[in-house]
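Scroll down for the structure; my scribbles are underneath it.
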Amino acid sequence: MPKHSQHRRRGKHALDADDIAWLESTPEMASDDGPPEGDRWSTWDQSTPTEKGPRPYPDWLVTELAAVDTEHGILKTGKEADVHLISRGVPGTDRVCLLAAKRYRSAEHRLFHRDSGYLEGRTTRESRTNRAMANRTAFGKQMIATQWAVAEFGALCRLWELGVPVPYPVQILGTEILQEFVGTPDGYAAPRLAQVSDGLDDLWKQLVEAMVTLAGEGLAHGDLSPYNVLVRDGRLVIIDLPQIVDVVAHPAGPSFLDRDARNMATWFAAKGVAGADPEALAALLRREARM
């Protein structure tokens with residue numbers, strides 16, 4: 001099994017002594033409505049059944065209503081969203097899990113940097129909302145942010161059930177997506193593919209299998225690169241899916257499919273992986289998508 005260095009996240013570099021003490025403590029219940037420890041009560045019960053991940057829920061996932069969420073810093077910042085590391089656990093027990101909370105930016109911040117191309121076809125039933133989105137009003141931007149969050153959560157659920165290597169989608173609440181943290185138990189994020197140099201032949205095979213599964217469902221990631229693929233224990237995990245494209249329904253679907261193929265095959269070819277041919281991969285994906 002190849003060994004990959006784990007990279008420190010921003011903010012706190014790992015779960016510190018205070019964090020560990022919280023996990024091992026048995027605090028008394030607070031007198032007000034706030035949690036006894038942590039930053040907020042678990043939001044699990046605030047999401048409807050359709051806003052939660054596929055069943056059966058993983059054994060590691062904490063779903064108890066007595067759980068609290070604790071913030072541990074920012075894992076990643078981006079133009080559209082920031083990703084935070086949180087722990088969700090039941091005080092006084094060993095029930096705890098780490099989650100990545102992806103929070104799409106509010107209306108006053110810049111949203112998706114290529115949203116006009118990806119949003120084509122994503123209209124609502126209300127003309128007023130569609131006009132606001134097209135004109136990028138404050139309300140329209142907020143609706144766009146909501147659409148990106150809903151689209152990404154839906155994509156994660158669908159791909160998880162198809163067996164595509166993506167983080168388990170825990171829940172969505174407004175413009176916050178909670179998903180499986182891809183990293184070590186002490187809070188070190190898995191490296192991006194762009195930072196990995198070992199085991200590339202096997203990683204290429206995993207990637208092609210995942211992309212073929214997507215294409216077979218008529219889908220393309222839409223923005224796939226070595227920077228939104230993580231590697232954990234020699235296994236690929238594809239992340240950042242708000243712009244997933246239906247390559248049949250979208251007018252520019254084939255070009256998104258081809259671009260994903262070129263981006264990934266070109267990178268692997270530059271690393272010396274035999275068989276990593278951009279044109280061959282693009283042709284394979286088009287056949288799988290029946291285009």
Side-chain angles (χ1 to χ4, degrees), residues 1-9 75-76 78 83 100 113-114 117-118 152 155-156 158-168 179-184 188-248 250 252-291:
M1 183 72 69
K3 294 182 179 179
H4 307 301
S5 61
Q6 300 294 336
H7 296 269
R8 291 182 182 270
R9 53 189 166 75
L75 291 166
K76 175 189 174 184
V83 182
H113 59 294
R114 287 190 297 270
Y118 292 105
E152 179 160 25
L156 285 169
R158 181 176 179 182
L159 298 188
W160 174 268
E161 292 182 310
L162 288 171
V164 177
V166 297
Y168 177 77
Q179 55 193 293
E180 173 189 3
F181 169 66
V182 182
T184 65
Y188 288 80
R192 300 174 188 276
L193 175 61
Q195 301 166 318
V196 173
S197 58
D198 296 328
L200 294 182
D201 288 338
D202 185 54
L203 292 173
W204 166 249
K205 294 177 182 177
Q206 293 179 42
L207 175 75
V208 172
E209 181 180 356
M211 295 183 74
V212 164
T213 300
L214 280 170
E217 294 292 317
L219 301 172
H221 182 285
D223 194 30
L224 195 58
S225 80
Y227 293 94
N228 48 31
V229 176
L230 304 179
V231 180
R232 177 177 59 186
D233 298 330
R235 304 299 299 176
L236 287 181
V237 182
I238 299 173
I239 61 172
D240 292 338
L241 291 151
Q243 68 291 310
I244 194 165
V245 175
D246 184 323
V247 297
V248 176
H250 196 291
S255 65
F256 285 114
L257 199 68
D258 292 346
R259 186 174 67 188
D260 283 353
R262 287 195 302 270
N263 286 346
M264 300 308 296
T266 298
W267 186 86
F268 275 98
K271 298 294 182 179
V273 174
D277 180 277
E279 298 305 319
L281 180 58
L284 171 63
L285 297 182
R286 282 182 175 244
R287 287 196 301 272
E288 292 295 327
R290 295 171 292 281
M291 301 180 66

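If you're wondering where the values come from, they're calculated on a predicted model, not measured in any experiment. Just so you know, these numbers use all the heavy atoms, side chains as well, and skip hydrogens, waters and symmetry mates.
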Worksheet item: So V229 and M264, side chain to side chain contact (heavy atoms under 4.5 Å, CB included) or not? Walk me through it.
Response: CA-CA 10 Å; V229 176; M264 300 308 296; 4.3 Å; yes

Nearest-0.5 Å distance, [atom1] of residue [X] to [atom2] of residue [Y]:
X: I238; Y: L159; atom1: CD1; atom2: CG; result: 8.0 Å
X: Q179; Y: W160; atom1: CD; atom2: CH2; result: 11.5 Å
X: L219; Y: E288; atom1: CG; atom2: CD; result: 13.0 Å
X: L162; Y: T213; atom1: CG; atom2: OG1; result: 7.5 Å
X: L281; Y: R286; atom1: CG; atom2: CZ; result: 12.0 Å
X: W267; Y: L193; atom1: CH2; atom2: CG; result: 4.0 Å

Is the backbone of [Y] close enough, under 3.5 Å, to the side chain of [X] for a donor and an acceptor to pair up by distance?
X: Q206; Y: L236; result: yes
X: N228; Y: S225; result: yes
X: R158; Y: L156; result: no
X: R259; Y: G222; result: yes
X: H221; Y: D240; result: yes

Report yes if some heavy atom in the side chain of [X] is under 4.5 Å from a heavy atom in the side chain of [Y]; otherwise report no.
X: V273; Y: L203; value: no
X: D260; Y: L214; value: no
X: L207; Y: L224; value: yes
X: L230; Y: I239; value: yes

Where is the tightest heavy-atom contact between [X] and [Y], given as atom of each residue plus distance?
X: L285; Y: A261; answer: CD1-CB, 4.0 Å
X: A265; Y: D277; answer: CB-C, 3.7 Å
X: G216; Y: R290; answer: O-NH2, 3.4 Å
X: V248; Y: A289; answer: CG2-O, 4.5 Å
X: P226; Y: R192; answer: O-CB, 3.9 Å

Discussion item. Tell me whether the count of non-hydrogen atoms from other residues, nucleotides or ligands lying under 6.0 Å of CD in E161 goes above 12.
Written reply: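 Above 12, so yes.
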
Discussion item. Going by the rule ring pair (Phe, Tyr, Trp, His ring centres under 6.0 Å), which residues pair with W204 if we only count those two or more places apart in sequence or in a different chain?
Written reply: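 W204 satisfies ring pair (Phe, Tyr, Trp, His ring centres under 6.0 Å) with F268 only.
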
Worksheet item: side chain to side chain contact (heavy atoms under 4.5 Å, CB included) between E152 and Q243: does it pass, once the steps are laid out?
Response: CA-CA 7 Å; E152 179 160 25; Q243 68 291 310; over 6 Å; no

